[in-house]
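A quick write-up on the structure given underneath.
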Amino acid sequence: MYKKIALLLILVMFVFCGCVKPQKEPVPSTLDDITKRGSVIIGVKTDTYPFGFKDKNGKYAGYDVDLANMIGEQIFGKKGKVKFVPVTASDRMMKLFSEDVDMVVATMSVTPARLQILDFSDPYYIAGQAVLVKRGSKIKGIRDLNGKKAIIVFGTSSEGSLRAAVPNVSIIGYKTYSEAVKGLKQGKADAIVSDDTILIGLSLKDGSLVMLPKRYSREPYAVAFRKGEESEDLVRVVNDVINEAAHNGTLRKLQKNYGIKKY
Ligand code: GLU
């Protein structure tokens, strides 16, 4: 009897001191679960014009957001069934793993490393990495960054390709693109390396910045999911949406509307 009470006391102490943490119940999100829930939760960017941003009325907008809405419409047969969650390059994977979102549509490239831990749809856009400098800079290409400092945004594919192209570069990381631009303008580094789609947006907003003409990688943008059986049906539905939109010209039309072209 005393033994049982002692054991119980020990268990209670463990729970209260946080030694035994109650497990977070996984939020099921197969296609079936999402249909039953009545909405699909999609992570999109808000700092990546024109792919994911907030318009002047504070509404989510952009190429990725339109694609997310098309996915919602395909699942539910009607509009207005997408719940948007803002993500950044640095937290988008975490938000998938922590089940805050069912999928991510956020200028995310398919890379061999990411394929080990995530599932991806077919690509819906192909970008390429480029270099952004201050107007008048002596940097004319990525190799000129040898022995210099370059900025990347945490969680992007830029760091790997930059290191591979320029082994002697010092890399400074920021969490967001606005911080990265501030860093460049304050002279903390000589360039920002990221996708052309993103850098062109930054240079159009700020005339003192110029994107150099060469591309240094191929960045296929695709929708990302948690890896595993749970995502199989979802990936299939999203692939249907992407392939149909590629075939019937919708993706091309969206690119035209948002001024997205090969620079
Ligand atoms: N496409 C690149 C990546 O997936 C960079 C895009 C971004 O900053 O979101 O890492």
Side-chain angles (χ1 to χ4, degrees), residues 34 39-76 79-96 100-111 114 118-130 153 155-158 176-178 194-202 204-205 218-226 231 234-235 237-246 248-263:
I34 291 169
S39 64
V40 55
I41 308 167
I42 304 187
V44 292
K45 296 270 208 80
T46 54
D47 68 342
T48 310
Y49 181 85
F51 281 80
F53 59 99
K54 291 266 188 94
D55 69 12
K56 53 181 187 309
N57 302 315
K59 264 185 71 186
Y60 289 93
Y63 182 87
D64 283 350
V65 172
D66 286 358
L67 178 59
N69 277 321
M70 282 155 53
I71 293 167
E73 240 183 292
Q74 176 87 350
I75 296 175
F76 294 99
K79 289 187 200 296
K81 293 292 193 176
V82 181
K83 281 199 182 137
F84 289 108
V85 170
V87 299
T88 62
S90 43
D91 72 10
R92 59 191 163 189
M93 281 221 247
M94 209 180 67
K95 287 205 166 148
L96 261 179
D100 288 342
V101 296
D102 298 319
M103 66 186 83
V104 157
V105 189
T107 60
M108 191 158 184
S109 312
V110 184
T111 67
R114 288 177 183 161
L118 297 173
D119 282 338
F120 281 97
S121 69
D122 294 335
Y124 60 86
Y125 186 79
I126 310 287
Q129 271 168 23
V153 168
T156 64
S157 45
S158 312
T176 63
Y177 283 97
S178 43
S194 186
D195 295 354
D196 50 359
T197 43
I198 296 170
L199 298 183
I200 194 73
L202 300 178
L204 291 176
K205 258 206 237 152
R218 190 171 181 277
E219 304 291 321
Y221 289 179
V223 181
F225 307 84
R226 281 183 287 283
S231 300
L234 269 184
V235 176
V237 168
V238 170
N239 279 343
D240 286 348
V241 172
I242 291 171
N243 293 321
E244 169 74 9
N248 67 17
T250 306
L251 288 186
R252 228 170 309 121
K253 213 158 85 195
L254 281 182
Q255 287 161 24
K256 200 165 155 234
N257 287 351
Y258 285 112
I260 300 166
K261 54 183 182 201
K262 298 280 165 213
Y263 294 95

Task: Any Val87 side-chain heavy atom under 4.5 Å of Asp100 side chain - done: no
TODO: Start with the C-alpha distance between Ile75 and Val237, add both sets of side-chain angles, then the distance that settles side-chain contact (heavy atoms from CB on, under 4.5 Å), and finish with yes or no.
DONE: CA-CA 7 Å; Ile75 296 175; Val237 168; 4.0 Å; yes
Task: Interatomic spacing from CD1 in Ile71 to CG in Leu234 - rounded to 0.5 Å - done: 9.0 Å
Open item on the list: Side chains of Leu202 and Leu199, heavy atoms from C-beta outward: is any pair under 4.5 Å?
Closed with: yes
- [ ] State, to 0.1 Å, how close Arg92 and Ala106 come at their nearest heavy-atom pair, and which atoms those are.
- [x] NH1-O, 2.8 Å
TODO: Give a yes-or-no answer on whether the side chains of Tyr221 and Asp195 include a donor-acceptor pair shorter than 3.5 Å.
DONE: yes
TODO: State, with a plain yes or no, whether a side-chain heavy atom of Met103 is found less than 4.5 Å away from one of Val40.
DONE: yes
TODO: Would you mind reporting whether Val223 and Val104 have side-chain heavy atoms less than 4.5 Å apart?
DONE: no
- [ ] Would you give the length of the straight line joining atom CG of Asp102 to atom CZ of Arg226, rounded to the nearest 0.5 angstrom?
- [x] 6.5 Å
Task: Residues in side-chain contact (heavy atoms from CB on, under 4.5 Å) contact with Thr88, at least two apart in sequence or another chain - done: Ser90, Asp91
Open item on the list: Evaluate Asn69 against Phe84 for side-chain contact (heavy atoms from CB on, under 4.5 Å), listing each step before the verdict.
Closed with: CA-CA 10 Å; Asn69 277 321; Phe84 289 108; 3.6 Å; yes
Open item on the list: Once side-chain contact (heavy atoms from CB on, under 4.5 Å) is applied, do any residues pair with Ala222, and if so which ones, sequence neighbours excluded?
Closed with: Val110, Phe120, Ser121
TODO: Tell me yes or no: between the side chains of Ser194 and Gln129, is some donor less than 3.5 Å from an acceptor?
DONE: no
Open item on the list: How close do Thr156 and Ala89 get, counting heavy atoms only, and between which atoms?
Closed with: CG2-CB, 3.6 Å
Open item on the list: As an exercise, state the distance from CG of Asp122 to CG of Asn239, rounded to the nearest 0.5 Å.
Closed with: 3.5 Å
TODO: Could you grab the distance from atom NZ of Lys81 to atom OG of Ser39, nearest 0.5 Å is fine?
DONE: 7.5 Å
Open item on the list: Rounded at 0.5 Å granularity, tell me how far NZ in Lys253 sits from CG in Asn248.
Closed with: 8.0 Å
Task: Smallest separation among heavy atoms of Leu118 and Ala224, with atom names - done: CD1-CB, 4.3 Å
Task: Side-chain (Tyr258) to main-chain (Gly62) donor-acceptor, under 3.5 angstrom - done: yes
TODO: Kindly indicate whether the side chain of Pro86, heavy atoms from C-beta on, has any atom under 4.5 Å from the side chain of Lys54.
DONE: no
TODO: Search all heavy atoms of Arg114 against all heavy atoms of Ser109 and return the closest pair with its distance.
DONE: NH1-O, 2.9 Å
Open item on the list: If only side-chain N and O atoms count, and only distance matters, is there a donor-acceptor pair under 3.5 Å linking Tyr125 with Thr107?
Closed with: no
TODO: Say whether, by atom type as modelled, one donor and one acceptor occur between the side chain of Thr48 and the main chain of Phe51 under 3.5 angstrom.
DONE: no
TODO: Check whether any side-chain heavy atom of Gln74 lies under 4.5 Å from a side-chain heavy atom of Glu244, and answer yes or no.
DONE: no
Task: For Asp119 against Ser231, the heavy-atom pair lying closest together - done: OD2-CB, 4.2 Å
- [ ] Mind checking the CD-CD1 spacing from Glu219 to Ile198? Nearest 0.5 Å is all I need.
- [x] 9.0 Å
TODO: Would you confirm whether Asn57, through its side chain, and Lys59, through its main-chain N or O, come within 3.5 Å as a donor-acceptor pair?
DONE: no
- [ ] Answer yes or no: is there a donor N or O on one side and an acceptor on the other, between the side chain of Arg218 and the main chain of Ile126, under 3.5 Å?
- [x] no
Open item on the list: On a heavy-atom basis, which atom in Val65 and which in Gly52 lie closest, and how many Å separate them?
Closed with: CG2-CA, 4.4 Å
Task: Side-chain touch Ser158/Val153, heavy atoms, less than 4.5 angstrom - done: no
Open item on the list: Under a plain distance cut-off of 3.5 Å, with no hydrogens placed, do Tyr124 and Asp64 share a side-chain donor-acceptor pair?
Closed with: yes
TODO: Find out whether Thr46 and Phe53 are in side-chain contact, i.e. whether some heavy atom of one side chain is under 4.5 Å from a heavy atom of the other.
DONE: no
Open item on the list: So, using ring pair (Phe, Tyr, Trp, His ring centres under 6.0 Å) as the criterion, who are the partners of Phe225 when residues are at least two apart?
Closed with: none
- [ ] Could you please spell out the steps behind the side-chain contact (heavy atoms from CB on, under 4.5 Å) verdict for Val82 and Phe76?
- [x] CA-CA 10 Å; Val82 181; Phe76 294 99; over 6 Å; no
